[in-house]
Amino acid sequence: MMALPGGHHLDSVTLPGQRLHLMQVDSVQRWMEDLKLMTECECMCVLQAKPISLEEDAQGDLILAGGPGPGDPLQLLLKRGWVISTELRRIGQKLAQDRWARVHSMSVRLTCHARSMVSEYSAVSRNSSKEMGQIEKLLMEKCSELSAVTERCLQVENEHVLKSMKACVSETLSMLGQHFGQLLELALTREVQALVRKIDASDNIYTTESTTGNLFSLTQEGAPLCRIIAKVDGVLCLADILTDDSHSEATRAEAAAVVAQVTSPHLPVTQHLSSFMESMEEIVTALVKLCQEASSGEVFLLASAALANITFFDTMACEMLLQLNAIRVLLEACSDKQRVDTPYTRDQIVTILANMSVLEQCASDIIQENGVQLIMGMLSEKPRSGTPAEVAACERVQQKAAVTLARLSRDPDVAREAVRLSCMSRLIELCRSPSERNSSDAVLVACLAALRRLAGVCPEGLQDSDFQQLVQPRLVDSFLLCSNMEESFV
């Protein structure tokens with residue numbers, strides 16, 4: 001996990017389901033590749049005439065023995081950056097434990113890693129900017145300062161003096177981490193810009209395909225890389241790919257995957273997507289078309305995931321989807337097992353419907369396309385395999401289906417249709433039977449809200465006991481009643 005300025009980390013963020021051939025990442029193969037670059041030795045410490053640590057946790061030290069392939073600055077930055085951020089974290093842990101011998105030996109090793117990253121990147125990259133040169137200088141100065149001050153700490157026995165020096169070491173380590181994060185972000189931004197320019201300038205379909213795949217791989221590194229892609233207008237170059245029918249379906253699906261990752265509501269990067277608004281209508285139109293023409297469930301999943309995230313990003317996208325008859329496209333796809341065959345895909349569809357249901361004109365389209373019956377079916381979503389990921393996806397489908405039903409039931413016609421299809425019975429079952437909702441509190445709250453909305457329109461559809469326990473009390477009281485149904489007080 002790689003640290004960047006502002007407390008961000010490079011966490012892995014993935015879409016569910018299997019990938020297209022361009023998106024497959026074999027975890028064992030990735031481990032084998034990384035293993036070639038790692039070694040359990042302390043040769044750098046030996047070269048610096050420092051003693052090899054005899055502590056028991058020294059065997060866990062990993063240092064980069066060789067860089068990635070020549071001419072691959074992005075991979076160099078990611079791998080070196082991961083090693084350095086790991087070392088920074090471990091030095092902080094040893095410092096908190098007052099293990100000064102380990103702090104010093106790891107500080108020396110950190111200096112070697114930082115020097116290697118700077119020299120290796122300079123060798124494979126274009127001329128660096130003045131700003132990067134200044135930060136490189138500051139980084140190396142702080143590395144030398146950290147090594148020097150930790151070496152002095154080894155000679156001090158007075159605990160009061162060590163305590164004051166510990167604060168100095170902590171401050172130096174913090175500044176070092178800040179300079180490292182600034183340098184890494186500058187370098188990564190520069191390389192991502194080069195990747196985006198390569199996509200923009202390419203007339204070769206295979207080059208575009210492979211470069212888009214590289215961009216998608218970067219989004220898997222987490223929020224900081226997604227933020228950088230958004231900051232350099234990477235989404236705009238993807239819009240050109242999505243709207244160009246000369247590109248293969250696989251390439252357009254890959255572009256949709258990048259859009260889905262960069263616009264994820266879980267990532268704090270939306271402030272960098274202001275330029276995305278300029279091309280949003282084109283992107284939304286292209287994604288709806290990709291959903292309609294998708295030849296596989298994987299392509300549909302990626303396109304619908306991008307649409308779902310965009311509906312969180314801006315409500316104007318929901319109005320665009322209404323104008324593009326997206327409700328019909330999505331609901332028709334639900335009857336096509338080739339495109340919609342997993343709870344992960346249905347999760348994307350019901351997310352779009354839930355976000356669109358805030359618009360009043362959405363209700364008539366839902367009724368016209370028999371959407372209430374589809375939502376009723378989603379309330380009964382069950383996992384096939386029982387894996388935690390699939391169970392969680394089914395819970396999300398049930399919760400969002402109930403939320404959609406509650407919002408749409410503002411319209412009396414939708415509420416009456418829901419009652420006719422026995423939605424109230426299913427909602428009551430979900431409330432009263434924890435096993436039906438996998439004991440999910442989120443599903444319970446959504447079902448109680450939907451049931452109360454329907455009961456306001458058609459109270460005659462409820463038995464007295466259901467009304468008195470699930471509708472009449474405060475929502476929190478009904479929630480506590482239903483959530484405690486499995487508890488035993490014996």
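All of these numbers come straight from a predicted model, not from anything done at the bench.
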Tell me whether E191 contacts the main-chain N or O of P73 through its side chain, where contact means a donor paired with an acceptor under 3.5 Å. no
Under a 4.5 Å cut-off applied to non-hydrogen side-chain atoms, are L330 and L321 in contact? no
Atom pairs and distances, side-chain donor-acceptor, residues 349-359, under 3.5 Å, sequence neighbours left out:
| unit_1 | atom_1 | unit_2 | atom_2 | d |
| --- | --- | --- | --- | --- |
| T351 | OG1 | D347 | O | 2.6 |
| T351 | OG1 | K400 | NZ | 2.8 |
| N355 | ND2 | T311 | OG1 | 2.8 |
| S357 | OG | L353 | O | 3.4 |
| S357 | OG | A354 | O | 2.6 |

Could you check whether E429 pairs with R426 (Lys NZ or Arg NE/NH1/NH2 to Asp/Glu carboxylate O, under 4.0 Å)? yes
Look only at the side chain of T219 and the backbone of F216, and say whether a donor-acceptor pair between them is shorter than 3.5 Å. yes
Would you find a donor on one side and an acceptor on the other, under 3.5 Å apart, between the side chain of Q398 and the backbone of E436? yes
I'd like to know whether R346 forms a side-chain contact (heavy atoms from CB on, under 4.5 Å) with V340, so could you lay out the CA-CA distance, the side-chain angles of the two residues, the decisive distance to 0.1 Å, and finally the verdict. CA-CA 7 Å; R346 282 185 281 275; V340 181; 3.7 Å; yes
Tell me, do L462 and L470 make a side-chain contact under 4.5 Å, heavy atoms counted? no
Look at the side chain of T207 and the backbone N and O of D203, then say whether any donor-acceptor pair between them is shorter than 3.5 Å. no
Evaluate the side-chain contact (heavy atoms from CB on, under 4.5 Å) criterion for residues V372 and L408: first the C-alpha distance (whole Å), next the side-chain angles of each, then the deciding distance (0.1 Å), finally the verdict. CA-CA 9 Å; V372 179; L408 291 172; 5.7 Å; no
Contact between R227 and E185 at the side-chain level, heavy atoms closer than 4.5 Å - yes or no? yes
Carboxylate-amine/guanidinium contact E417 R420, below 4.0 Å: yes
Between Q399 and S440, does the side chain to side chain donor-acceptor pair (under 3.5 Å) criterion hold? Intermediate values first, please. CA-CA 9 Å; Q399 177 199 6; S440 169; over 6 Å; no
Carefully, step by step, assess S385 and E390 under the rule side chain to side chain donor-acceptor pair (under 3.5 Å). CA-CA 7 Å; S385 65; E390 189 171 357; 2.4 Å; yes
Let's go through E332 and R339 carefully: what are the C-alpha distance in whole Å and the side-chain angles of both, what is the deciding distance for salt bridge (Lys or Arg N to Asp or Glu O under 4.0 Å) to 0.1 Å, and is it a yes or a no? CA-CA 10 Å; E332 285 181 354; R339 287 186 289 169; 5.7 Å; no
For the side chain of Q338 and the backbone of S296, is there at least one donor-acceptor N/O pair under 3.5 Å apart? no
Check step by step if side-chain contact (heavy atoms from CB on, under 4.5 Å) holds for C362 and R407. CA-CA 10 Å; C362 178; R407 290 175 177 175; over 6 Å; no
Per-pair distances, 0.1 Å, donor-acceptor, side chain in residues 195-202, under 3.5 Å, sequence neighbours excluded:
| unit_1 | atom_1 | unit_2 | atom_2 | d |
| --- | --- | --- | --- | --- |
| S202 | OG | N204 | N | 3.2 |
| S202 | OG | N204 | O | 3.1 |
| S202 | OG | T208 | OG1 | 3.4 |

Report yes if the side chains of L78 and L188 come closer than 4.5 Å at any heavy-atom pair, otherwise no. yes
Got H113 and F180 here, is their nearest side-chain heavy-atom distance under 4.5 Å? no
Among residues at least two apart in sequence or on other chains, which ones pass side chain to side chain donor-acceptor pair (under 3.5 Å) with R410? none
